[in-house]
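So the structure is just underneath, and the comments pick up after that.
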Amino acid sequence: MKTKVLVTGGAGYIGSHVVRQLGEAGYDVVVYDNCSTGCPQAVLHGELIIGDLADTDRLYQVFAKHRFSAVLHFAASLVVPESVANPLDYYANNTRNTLNLLRCCNVLDVNQFIFSSTAAVYGEPEENPVTESTPTLPINPYGRSKLMSEWLIQDYSFASRLRYVTLRYFNVGGADPCRRLGQSLRNVTHLIAAACNTALQRHSELRIFGTDFPTPDGTGIRDYIHVEDLAAAHVDALRYLEQGGESQTLNCGYGQGYSVRQVIERVKAISGVDFPVIEADRRPGDPACVTACADKICKVLGWQPKYNDLDAIVYTTLAWELHQEKLRTKRAARQKLVSINKERSVRSKITEIAYKLP
Ligand code: UD1
């Protein structure tokens with residue numbers, strides 16, 4: 001019999017890539033997602049239950065019905081400025097809902113848990129690359145809501161049979177190279193999305209937030225990881241727990257940093273569009289540099305990234321978005337044709353009636 005796993009937030013950008021890979025690896029998947037930002041069509045495998053983690057009765061029913069052997073918990077809010085404006089929503093959606101999930105795991109004896117955390121728990125690190133033992137000093141409610149969830153999971157695991165893998169994501173980008181899945185770039189603000197949107201002429205210019213950071217070219221440095229490699233890390237983490245592995249907290253990055261200017265240069269080169277770039281003030285709360293030491297994840301999980309290359313991230317992002325644009329154009333043309341045909345049939349009906357008139 002196939003192993004059954006629960007994936008919260010499996011209709012979202014990262015969750016949907018993981019669900020697809022879990023399906024390919026032979027797992028039986030149940031996705032629980034309120035589809036507030038996720039998209040039902042992105043669930044390419046298993047069963048989708050549209051529900052909210054705040055609805056504890058519903059959640060309990062799902063747990064009681066399915067008897068999961070593991071939970072992969074993605075559902076969360078993740079926009080830093082929004083977390084500063086609405087901290088209570090972030091603590092509710094991220095921290096309290098993790099608690100709801102753990103309570104179900106407790107009652108129904110589900111003892112393997114994979115948690116989506118973030119490099120935001122490190123805040124503004126004094127040294128790079130950061131290891132998993134670098135002090136966690138988050139500088140915004142988003143990072144704190146995730147760190148509090150990490151503590152909840154850890155404390156509960158000390159008091160129970162739960163074993164967990166917490167994955168701290170660095171800057172995620174890219175799309176499925178076969179163009180089955182990706183992130184819709186509309187309303188997305190992260191750098192690769194913003195640069196691709198500008199290359200696609202949806203914005204007139206790209207702003208660089210801060211050119212006076214203590215970095216070689218003055219702009220912020222980040223560790224960009226391809227969503228396919230990140231998804232593979234989750235499948236590896238699940239296998240690790242199934243084989244009896246002990247609880248772990250692991251960085252998910254490549255250990256290679258790129259500055260904002262370097263990212264822009266690659267987006268321009270790959271798209272072939274030389275879009276305008278404006279130098280603007282720093283964005284509040286942006287650290288100068290955050291890169292991962294990825295030694296631990298490679299050693300513990302045997303994780304072997306395949307897309308460790310900024311060009312692959314940019315290329316698949318652009319390819320996915322252009323594919324979506326083509327589909328939108330086709331859909332619009334089809335709709336127009338349908339409405340022309342409808343209009344024609346109404347007109348011919350009127351003519352028919354007119355002929356019948358005395
Ligand atoms: C991202 C994630 C965050 C995660 C963190 C981990 C998103 C929305 N945020 O934050 O959840 O915790 O990685 O490291 O996915 N920049 C510009 N112009 C732009 C956009 C960005 O100059 O139009 C700069 C930023 O100032 C920063 C760099 O690009 O220096 C990366 O920013 P961004 O892509 O927004 O990601 P993070 O803020 O690092």
Side-chain angles (χ1 to χ4, degrees), residues 9 12-14 37 74 76-84 90 93-94 116-125 128-130 134 136-147 149-150 166-174 183-199 202-227 230 251-267 275-294 310 313-314 317:
Y13 168 49
I14 301 169
T37 54
F74 296 89
S77 307
L78 49 83
V79 182
V80 172
E82 195 180 73
S83 79
V84 177
Y90 271 66
N93 200 29
N94 294 356
S116 305
S117 190
T118 167
V121 298
Y122 296 115
E124 179 114 40
N128 276 287
V130 295
T134 295
T136 45
L137 296 163
I139 52 174
N140 52 58
Y142 167 64
R144 282 193 276 269
S145 72
K146 284 287 188 177
L147 185 58
S149 305
E150 286 195 14
T166 285
L167 296 173
R168 291 180 175 159
Y169 307 166
F170 283 64
N171 289 54
V172 189
Q183 182 178 35
S184 167
L185 298 189
R186 287 168 197 275
N187 310 319
V188 178
T189 56
H190 64 76
L191 177 63
I192 292 182
C196 290
N197 274 331
T198 318
R202 293 178 185 155
H203 305 313
S204 53
E205 70 212 10
L206 180 74
R207 281 182 299 159
I208 300 183
F209 298 129
T211 51
D212 59 350
F213 285 105
T215 58
D217 70 14
T219 66
I221 293 178
R222 296 289 184 277
D223 190 336
Y224 295 90
I225 174 172
H226 197 289
V227 67
L230 182 61
N251 284 342
C252 284
Y254 293 139
Q256 163 84 50
Y258 291 96
S259 72
V260 175
R261 288 194 206 278
Q262 285 173 315
V263 171
I264 295 171
E265 191 271 313
R266 293 319 301 153
V267 175
F275 50 82
V277 172
I278 308 273
E279 295 188 359
D281 289 343
R282 289 186 188 191
R283 224 169 35 175
D286 264 353
C289 177
V290 193
T291 60
C293 169
L310 180 61
I313 298 178
V314 172
T317 304

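Sequence positions, counted from 1, serve as the residue numbers for this chain. Just so it is clear, the structure is predicted and the values come from calculations on it, not from any experiment. Order of listing sets the numbers, starting from 1, for every ligand and every atom in it.
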Ligand 1: protein N/O within less than 3.5 Å of ligand N/O:
| residue | atom | partner | partner atom | Å |
| --- | --- | --- | --- | --- |
| ligand 1 | 12 (O) | T118 | OG1 | 2.5 |
| ligand 1 | 13 (O) | N171 | OD1 | 3.2 |
| ligand 1 | 13 (O) | N171 | ND2 | 3.2 |
| ligand 1 | 14 (O) | N171 | OD1 | 2.7 |
| ligand 1 | 18 (N) | R207 | O | 2.7 |
| ligand 1 | 22 (O) | R207 | O | 3.4 |
| ligand 1 | 22 (O) | F209 | N | 2.9 |
| ligand 1 | 26 (O) | D286 | OD2 | 2.5 |
| ligand 1 | 32 (O) | R283 | NH2 | 3.4 |
| ligand 1 | 34 (O) | L191 | N | 2.7 |
| ligand 1 | 35 (O) | R283 | NH1 | 3.3 |
| ligand 1 | 35 (O) | R283 | NH2 | 3.0 |
| ligand 1 | 36 (O) | N171 | ND2 | 3.1 |
| ligand 1 | 38 (O) | R283 | NH2 | 2.9 |
| ligand 1 | 39 (O) | N171 | ND2 | 2.9 |
| ligand 1 | 39 (O) | R222 | NE | 2.8 |

Short side-chain to backbone donor-acceptor contact, N197 and H203, under 3.5 Å: no
Residues which pass side chain to side chain contact (heavy atoms under 4.5 Å, CB included) with E279, listed by chain and number, not counting sequence neighbours: T211, R261
Minimum side-chain heavy-atom gap R222-P287 below 4.5 Å: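 In short, these two side chains touch, coming nearer than 4.5 Å.
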Residue pair N140, Y90: steps toward the side chain to side chain contact (heavy atoms under 4.5 Å, CB included) verdict: CA-CA 11 Å; N140 52 58; Y90 271 66; over 6 Å; no
Salt bridge (charged side-chain N to carboxylate O under 4.0 Å, His left out): pairs with one or both residues in residues 205-216, sequence neighbours excluded: D212-R282
Test ring-ring contact (aromatic ring centres under 6.0 Å, His included) applied to F170 - qualifying residues, sequence neighbours left out: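 If we apply the ring-ring contact (aromatic ring centres under 6.0 Å, His included) test to F170, skipping adjacent residues, there are no hits.
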